[in-house]
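Let me begin by presenting the structure, written as structure tokens, before commenting on it.
The shown structure was predicted, so the numbers you read here are calculated from the model rather than taken from an experiment. Residue numbers start from 1 in every chain, and the chains themselves are labelled A, B, ... in the order their sequence lines are given, proteins ahead of strands.
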Number of protein chains: 2
Amino acid sequence: MPFHLDTFLPYLLSVAAHRTSARFAALYAAEAGLTIPEWRVLAHLDHSGAASVRDIHALVHLDKSVVSRAASRLEQAGLVKKQGDTADRRLIVLRLSPEGTALMLRLSGIAERFQAQLVAELGTDAPTLARALQRLAPGSEP
Amino acid sequence: MPFHLDTFLPYLLSVAAHRTSARFAALYAAEAGLTIPEWRVLAHLDHSGAASVRDIHALVHLDKSVVSRAASRLEQAGLVKKQGDTADRRLIVLRLSPEGTALMLRLSGIAERFQAQLVAELGTDAPTLARALQRLAPGSEP
DNA sequence: TTGACGTCGTTGCATCTGCAACGATATGCT
DNA sequence: AGCATATCGTTGCAGATGCAACGACGTCAA
């Protein structure tokens, strides 16, 4: 009995994730030419206020190098400010600039509308989906 | 009210997909050093018998170039045979070699056990998750 | 038949990713 | 204090990815 790829959860997850990210990226592409890592860094800074590269690396599931390069691009674009931590001079504190804050104000509106649309498409399955995904994607594991 | 990334479905999907794929890849890494595209090509050939690059591209959500290169590597590894279609000489028919069939026999066992473990972890949410993912990942759209 | 157009698989190229260094700094042990 | 060890952010590098060509082949209409 051969194996069926189209009921295999890792495959379904991968395809659904890719497609959903692409749909969302198309929405904010008009607003700002951000990559997904850049968007995640901005979003995290928006709700945490300030964070180091390490914090984002740990909490947002991006490699250190990806965060570092995304932060550099965002700084060059004037959306983020880097600032050496005075207590621990290895750390670099990232904060949204006023322009970054303004951009996130618009982007978070787009994101919330997209989330609402997804929830509408999923109907009553939406909360279960979110719960199941959170179980598959633990917050702290490597 | 700032935006919360950790309830955002595209983000949850991405992290869950990455982590689940990594768990699965670790399982078959010992059995065969396959990349994910290679695994998908093998799995699709296992249950379709024969398929062209185009077929796999359309059904398995991989770029043409990715399928082409994966097929070349698999052929060089002796797991897949390429064969020109006699009717339409643009097409290249891919089939599992005996070695490829034997490998898939072992890999599909690993895959089914992993799927069973995931289902066990998810409990009653598993069928709902699968249904929701299928709705987010339509079979034919570009 | 001829020629325009579409499709197939491959390849080149720019970019992104993940991993392993590396220098700078901090921490802990003696 | 002094030195080994660990952590932080950056960078180099090999490999993978997505996209746009490209040549080869097929299809359709005139």
Side-chain angles (χ1 to χ4, degrees), chain A residues 11 14-15 17-19 21-23 25-26 29 33-41 44-45 50-77 80-95 140-142, chain B residues 14-15 17-19 21-26 29 33-41 44-45 50-77 80-95 140-142:
Chain A
Y11 170 71
S14 171
V15 175
H18 245 86
R19 171 150 171 76
S21 279
R23 284 176 65 187
L34 296 176
T35 66
I36 290 179
E38 287 162 5
W39 148 257
R40 284 200 201 167
V41 169
H44 183 71
L45 290 178
S52 68
V53 172
R54 170 196 52 160
D55 296 335
I56 301 179
H57 157 62
L59 293 171
V60 181
H61 292 264
L62 292 174
D63 191 80
K64 279 193 309 177
S65 61
V66 174
V67 177
S68 172
R69 291 190 253 248
S72 295
R73 284 192 297 262
L74 291 171
E75 185 190 31
Q76 202 151 15
V80 154
K81 279 181 296 187
K82 288 185 183 180
Q83 181 182 349
D85 189 308
T86 52
D88 184 340
R89 288 190 306 179
R90 294 171 303 179
L91 297 179
I92 292 195
V93 180
L94 303 173
R95 294 173 195 282
S140 43
E141 231 157 328
Chain B
S14 172
V15 175
H18 242 85
R19 170 149 172 77
S21 279
R23 284 176 64 187
F24 180 53
L34 296 175
T35 66
I36 289 178
E38 288 163 4
W39 148 257
R40 284 200 202 167
V41 169
H44 183 70
L45 289 179
S52 69
V53 171
R54 170 195 53 159
D55 296 334
I56 300 180
H57 157 62
L59 294 171
V60 181
H61 292 265
L62 292 175
D63 191 80
K64 279 193 307 177
S65 60
V66 174
V67 177
S68 173
R69 289 190 254 249
S72 295
R73 283 191 298 262
L74 291 171
E75 186 191 28
Q76 202 150 17
V80 154
K81 279 180 295 186
K82 288 185 182 180
Q83 179 182 351
D85 189 308
T86 53
D88 184 340
R89 288 191 306 179
R90 294 171 303 178
L91 298 179
I92 292 196
V93 180
L94 302 175
R95 295 174 194 282
S140 42
E141 231 157 327

Given protein heavy atoms under 4.0 Å, the one-letter contact record of nucleotides 16-26 of chain D, with B base, S sugar-phosphate only and - none, is simply SSBB-----BS
Note: A:E38-A:R73 ion pair, threshold 4.0 Å (strictly below):
yes
Would you tell me if any nitrogen or oxygen in the side chain of A:K82 comes within less than 4.0 Å of OP1 or OP2 on D:dC8?
no
Taking 4.0 Å as the cut-off, does a side-chain nitrogen or oxygen of A:S52 come that near to OP1 or OP2 on D:dC8?
no
Short side-chain donor-acceptor distance under 3.5 Å, B:T35 and B:R40
no
Residues forming a salt bridge (charged side-chain N to carboxylate O under 4.0 Å, His left out) with A:R95, sequence neighbours excluded:
none
Helical bend (five base pairs per end, nearest 10°) for the helix from C:dT1-D:dA30 to C:dT30-D:dA1
20°
Taking all non-hydrogen atoms of both residues, which atom of A:Y11 and which atom of B:V60 are closest, and how far apart?
OH-CA, 3.6 Å
Which heavy-atom pair separates A:V53 from A:S68 by the least distance, and what is that distance?
CG1-N, 4.3 Å
Among pairs that include at least one residue of residues 56-72 of chain A, which meet salt bridge (charged side-chain N to carboxylate O under 4.0 Å, His left out), considering only residues two or more places apart or in two chains?
none
A:D88: partners by side-chain hydrogen bond (donor to acceptor under 3.5 Å, both in side chains), with sequence neighbours left out
A:R90
Side chain to side chain contact (heavy atoms under 4.5 Å, CB included) partners for B:A51, two or more places apart
B:H44, B:L45, B:S48, B:D55, B:I56
